[in-house]
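Below you'll find the structure, written out as structure tokens, and then a few comments.
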Amino acid sequence: MTAPTTEASKTSEPAGADRPLLITIDGPAGAGKTTISRMLAARLDYDYIDTGALYRAVALAATEAGIAGDDDDGLAKLCSALTLGFRRQGDTLRLISNGRDVSDLIRTPELTMQASAISARPVVRLYLLTVQRELGANKKAVFEGRDMGTVVFPEADVKFFLDADLEIRAKRRFNELRADERVALSEVQRQMAERDRNDSTRTLAPLKPAQDAIRIDSTVMNRETVLRRMLTVVSAAAKPSK
Ligand code: DC
């Protein structure tokens with residue numbers, strides 16, 4: 001298995017400064033995790049790590065290699081030859097898969113469903129567990145995903161679980177679609193419900209809040225309010241212990 005690369009690590013803090021934190025944000029698709037995680041990371045000058053993108057990159061590599069989503073041997077071989085990492089470009093991190101920037105290739109509806117399917121395979125989760133933990137080794141990062149607080153970083157300093165009603169999540173996702181991606185709102189909602197079901201009923205690392213996660217429901221809350229609430233929690237956690 002090849003170690004992940006990251007050029008995103010931050011330098012260590014001088015004595016007396018706020019403690020560097022590892023922050024996790026889990027929740028279902030469309031709850032606003034990406035927007036909020038980015039905003040929070042930017043405010044703290046932390047890295048934002050989109051772990052769904054890692055599952056999507058594995059799904060892309062499998063599709064390109066003609067490996068079926070349930071072919072565990074094929075997926076194991078694929079993962080053993082795959083190097084995933086992020087490269088900083090301006091304010092964002094680009095996802096690099098075996099030397100190629102795949103950031104713009106992994107957002108298609110097909111890969112969205114394919115990523116959900118392969119994310120149920122233990123071999124893929126095990127591979128990405130190592131990748132994610134290495135990426136988090138230096139803290140000062142906001143990790144967004146489904147099992148960050150429960151499985152990947154059970155010792156995270158601050159854990160959030162961001163949720164919202166299915167209807168509102170589907171509406172938000174629908175409004176984000178570009179003209180060439182347009183499908184009916186009912187179809188967006190159907191696909192989202194299917195993904196929710198896949199993600200939360202799989203045996204391994206299902207989507208659920210960690211026991212010590214702070215749960216935030218963004219159904220009727222705007223992003224500024226959510227961010228403010230998170231920043232309050234984070235600044236308390238960052239105070240150096242006496
Ligand atoms: O966040 P996203 O929609 O880009 O994630 C794509 C899929 O990857 C999602 O359906 C479930 C899976 N995933 C996961 O199982 N665990 C994570 N930490 C992140 C994503």
Side-chain angles (χ1 to χ4, degrees), residues 4 22-38 40-41 47-63 69-70 75 78-79 82 84 86 92-95 97 102-136 141-154 156 159-164 166 169-170 172-174 176-177 181 188-210 213 218:
L22 195 141
I23 301 169
T24 61
I25 303 186
D26 290 308
K33 299 190 300 293
T34 302
T35 308
I36 291 292
S37 302
R38 276 185 202 284
L40 184 62
D47 286 326
Y48 157 62
I49 307 288
D50 171 8
T51 63
L54 299 172
Y55 284 88
R56 289 167 181 271
V58 174
L60 173 68
T63 305
D70 57 356
L75 288 170
L78 180 87
C79 289
L82 195 61
L84 293 179
F86 291 95
T92 58
L93 294 178
R94 305 291 294 179
L95 178 56
S97 172
V102 295
S103 316
D104 300 327
L105 301 175
I106 56 172
R107 300 286 159 197
T108 64
E110 292 74 28
L111 277 177
T112 300
M113 296 316 279
Q114 192 62 9
S116 181
I118 58 117
S119 73
R121 312 312 295 186
V123 60
V124 173
R125 299 210 76 85
L126 189 65
Y127 163 65
L128 288 180
L129 186 68
T130 315
V131 172
Q132 292 165 116
R133 285 192 178 153
E134 290 191 24
L135 288 170
V142 177
F143 276 80
E144 177 209 332
R146 304 289 193 287
D147 62 337
M148 297 297 101
T150 48
V151 174
V152 180
F153 299 113
K159 301 177 185 178
F160 295 107
F161 191 88
L162 190 61
D163 205 349
L166 173 63
R169 289 190 283 120
R172 286 180 192 156
R173 184 53 51 87
F174 176 77
E176 283 165 10
L177 294 176
E181 299 172 325
V188 175
Q189 186 162 329
R190 191 197 62 74
Q191 286 192 6
M192 200 166 257
E194 186 182 331
R195 269 222 289 162
D196 283 357
R197 208 164 32 248
N198 284 352
D199 296 347
S200 51
T201 58
R202 64 176 178 235
T203 341
L204 201 63
L207 167 69
K208 63 170 185 198
S218 75

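Residue numbers start at 1 and run along the sequence shown. Both ligands and their constituent atoms are indexed starting at 1 by order of listing. Keep in mind that this is a model prediction, so the values were computed, not measured.
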Check your understanding: Under the salt bridge (charged side-chain N to carboxylate O under 4.0 Å, His left out) criterion, do Glu194 and Arg190 qualify, and how do the steps go?
Key -> CA-CA 6 Å; Glu194 186 182 331; Arg190 191 197 62 74; 3.2 Å; yes

Review point. Under 4.0 Å from any heavy atom of Asp147, which atoms of ligand 1 are there?
Key: 16 (N), 17 (C), 18 (N)

Practice item. Provide, to 0.1 Å, the distance between atom 19 (C) of ligand 1 and the closest protein heavy atom, together with that atom's residue and name. Key: Thr51 OG1, 3.5 Å

Review point. Just heavy atoms, cut-off under 4.0 Å: does Arg56 contact ligand 1 by side chain, backbone, both, or neither?
Key: side chain

Practice item. Give the residue, atom name and distance (to 0.1 Å) of the protein heavy atom nearest atom 8 (O) of ligand 1. Key: Tyr55 CB, 3.5 Å

Review point. Any idea which protein heavy atom is nearest atom 6 (C) of ligand 1, and the distance to it?
Key: Arg195 NH1, 3.6 Å

**Study point:** Nearest-contact summary for atom 1 (O) of ligand 1 - protein heavy atom, Å
**Key:** Arg146 NH1, 3.0 Å

Check your understanding: Numbering the atoms of ligand 1 from 1, which are under 4.0 Å from a heavy atom of Met148?
Key -> 18 (N)

Exercise for review: Record the part of Ser119 in heavy-atom contact with ligand 1 below 4.0 Å; permitted values are side chain, backbone, both and neither.
Suggested key: side chain

Review point. Is there a donor-acceptor pair closer than 3.5 Å between any side-chain N or O of Ser116 and the backbone N or O of Met113?
Key: no

Check your understanding: Of all residues at least two apart in sequence or in a different chain, which pass the ring-ring contact (aromatic ring centres under 6.0 Å, His included) check with Phe143?
Key -> Phe153

Review point. Quick one: nearest non-hydrogen protein atom to atom 16 (N) of ligand 1, plus distance?
Key: Arg125 NH2, 3.1 Å

Review point. N/O of Thr112 under 3.5 Å from N/O of ligand 1, yes or no?
Key: no

Review point. Polar-atom distance check: Asp199 versus ligand 1, any N or O pair below 3.5 Å?
Key: yes

Exercise for review: Supply the atom-to-atom distance Asp26 CG to Asp163 CG, rounded to the nearest 0.5 angstrom.
Suggested key: 11.0 Å

Exercise for review: Could you grab the distance from atom CG of Leu166 to atom CE of Met192, nearest 0.5 Å is fine?
Suggested key: 7.5 Å

Study note, to complete from the structure: Rounded to the nearest 0.5 Å, the CG atom of Leu60 sits from the CG atom of Leu95 at a distance of 9.5 Å

Review point. When rounded to the nearest 0.5 angstrom, what distance separates CZ in Arg121 from CD1 in Ile118?
Key: 10.0 Å

Exercise for review: Pick whichever of Ala29, Gly52, Gly30, Ala31 has a heavy atom sitting closest to atom 5 (O) of ligand 1.
Suggested key: Gly52

Practice item. Report yes if Gln132 has an N/O atom closer than 3.5 Å to an N/O atom of ligand 1; otherwise report no. Key: no

Check your understanding: Can you name the nearest heavy-atom pair linking Ser97 to Leu82, along with the distance?
Key -> OG-CD1, 3.6 Å

Point to revise | CZ on Arg125 to CD on Gln132, rounded to 0.5 Å | key: 7.5 Å

Point to revise | Where ligand 1 meets Ser116 - atom numbers and elements under 4.0 angstrom, heavy-atom basis | key: 10 (O)

Check your understanding: At a 4.0 Å threshold, what atoms of ligand 1 neighbour a non-hydrogen atom of Gly145?
Key -> 18 (N), 19 (C)

Review point. How far apart are the C-alpha atoms of Arg146 and Asp199, what are their side-chain angles, what is the distance that settles it, and do they pass the salt bridge (charged side-chain N to carboxylate O under 4.0 Å, His left out) test?
Key: CA-CA 8 Å; Arg146 304 289 193 287; Asp199 296 347; 3.4 Å; yes

**Study point:** Donor-acceptor contact below 3.5 Å, side chain Lys33 vs main chain Pro28
**Key:** yes

Practice item. Heavy-atom distances under 4.0 Å are what count here, so tell me which part of Glu194 touches ligand 1: side chain, backbone, both or neither. Key: neither

Practice item. Would you check whether Arg202 reaches within less than 4.0 Å of ligand 1, judged by its heavy atoms? Key: yes

